[in-house]
Amino acid sequence: MGKIIFAIFVLGLAFFWFDNFVLAQNTVEIDYFYSPTCPHCAEEKIFLGDLKEKYPEVKINQYDVVNSRENQQLLKSFYEEYKVPRSLQGLVPATFTPIKYFVGFNEQI
């Protein structure tokens with residue numbers, strides 16, 4: 001009897017863990033680095049806001065790289081992780097998704 005209860009308990013935990021894992025996988029995180037004075041960044045900010053409205057499961061992290069050294073350092077770590085060419089580093093907006101990065105903004109992107 002004790003083994004049956006233990007097995008049900010373990011299965012319950014497994015299903016709980018699996019459900020949380022699946023829910024976490026449905027969230028997409030976008031990291032957006034911008035300058036407050038950049039007109040292209042302002043356009044992308046509107047685009048990302050519309051995207052968030054359409055897809056509420058998208059989480060958008062926004063980082064001002066002009067007024068924060070911490071955000072500049074974080075951006076450098078993204079450059080390394082995504083292997084962004086030196087020729088594109090320092091340009092904004094810079095946007096990182098789980099599978100790709102984008103530097104700059106236009107309506108086609």
Side-chain angles (χ1 to χ4, degrees):
M1 181 69 154
K3 289 181 181 182
I4 293 173
I5 292 173
F6 180 73
I8 291 171
F9 176 73
V10 169
L11 285 173
L13 282 177
F15 284 120
F16 176 76
W17 177 83
F18 181 75
D19 284 346
N20 286 335
F21 179 77
V22 169
L23 286 174
Q25 295 301 311
N26 289 333
T27 301
V28 175
E29 206 164 317
I30 296 174
D31 294 286
Y32 163 63
F33 294 85
Y34 69 95
S35 165
T37 59
C38 169
H40 302 292
C41 296
E43 287 181 60
E44 182 167 351
K45 194 171 199 171
I46 292 168
F47 170 80
L48 291 173
D50 293 343
L51 184 72
K52 177 75 175 154
E53 278 184 35
K54 190 172 181 180
Y55 302 101
E57 65 274 11
V58 173
K59 180 179 181 197
I60 300 170
N61 303 312
Q62 299 183 25
Y63 305 98
D64 176 347
V65 293
V66 173
N67 299 307
S68 171
R69 285 207 183 277
E70 184 179 316
N71 291 346
Q72 292 169 7
Q73 288 303 114
L74 182 60
L75 178 56
K76 286 180 184 179
S77 70
F78 273 88
Y79 287 154
E80 290 173 15
E81 181 181 340
Y82 283 78
K83 297 177 179 36
V84 176
R86 279 231 187 260
S87 62
L88 296 177
Q89 293 183 16
L91 302 175
V92 289
T95 308
F96 299 86
T97 70
I99 58 171
K100 189 173 181 169
Y101 70 88
F102 302 92
V103 176
F105 178 76
N106 64 47
E107 292 297 321
Q108 282 90 20
I109 293 176

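- Contact check for Gln62 versus Ile60: side-chain heavy atoms found under the 4.5 Å cut-off.
- The distance from atom CD1 of Ile30 to atom OH of Tyr55, rounded to the nearest 0.5 Å, is 11.0 Å.
- Note: Leu91 CG to Leu88 CG = 6.0 Å, rounded to the nearest 0.5 Å.
- Counted within 6.0 Å of NZ on Lys52, heavy atoms from surrounding residues, nucleotides or ligands total more than 12; the atom is thus considered enclosed.
- Here the closest heavy-atom approach between residue Gly90 and residue Tyr79 is recorded as N-OH, 2.7 Å.
- When side chains are defined from C-beta on, Glu29 does not count as touching Pro98, because their heavy atoms never get closer than 4.5 Å.
- Of the possible donor and acceptor atoms, one in the side chain of Gln72 sits under 3.5 Å from a partner among the backbone N and O of Val65.
- Summarising the geometry, atom CD belonging to Glu43 is positioned 6.0 Å from atom CZ belonging to Phe105; distances are rounded to the nearest 0.5 Å.
- Under the 4.5 Å side-chain criterion, counting only non-hydrogen atoms from C-beta, Lys59 is not in contact with Val28.
- Phe78 places none of its side-chain heavy atoms less than 4.5 Å from the side chain of Val84.
- Annotation: Glu57, atom CD; neighbour count of heavy atoms from other residues, nucleotides and ligands within 6.0 Å is above 12.
- Counting heavy atoms from C-beta outward, Arg69 and Asn71 have side chains that stay 4.5 Å or more apart.
- Side-chain contact of Tyr63 with Asp31: a donor-acceptor pair under 3.5 Å is present, judged by distance alone.
- Considering only heavy atoms from C-beta on, Leu48 comes within 4.5 Å of Tyr32 through its side chain.
- Ring orientation note: the planes of Phe96 and Phe33 are nearly perpendicular, at an angle over 60° on the 30°/60° scale.
- A donor-acceptor distance shorter than 3.5 angstrom exists from the side chain of Tyr82 to the backbone of Thr97, with no hydrogens or angles considered.
- At a threshold of 4.5 Å between non-hydrogen side-chain atoms, the residues Asp50 and Ile46 count as touching.
- If you take SG on Cys38 and CG on Asp64, they are separated by 11.5 Å, rounding to the nearest 0.5 Å.
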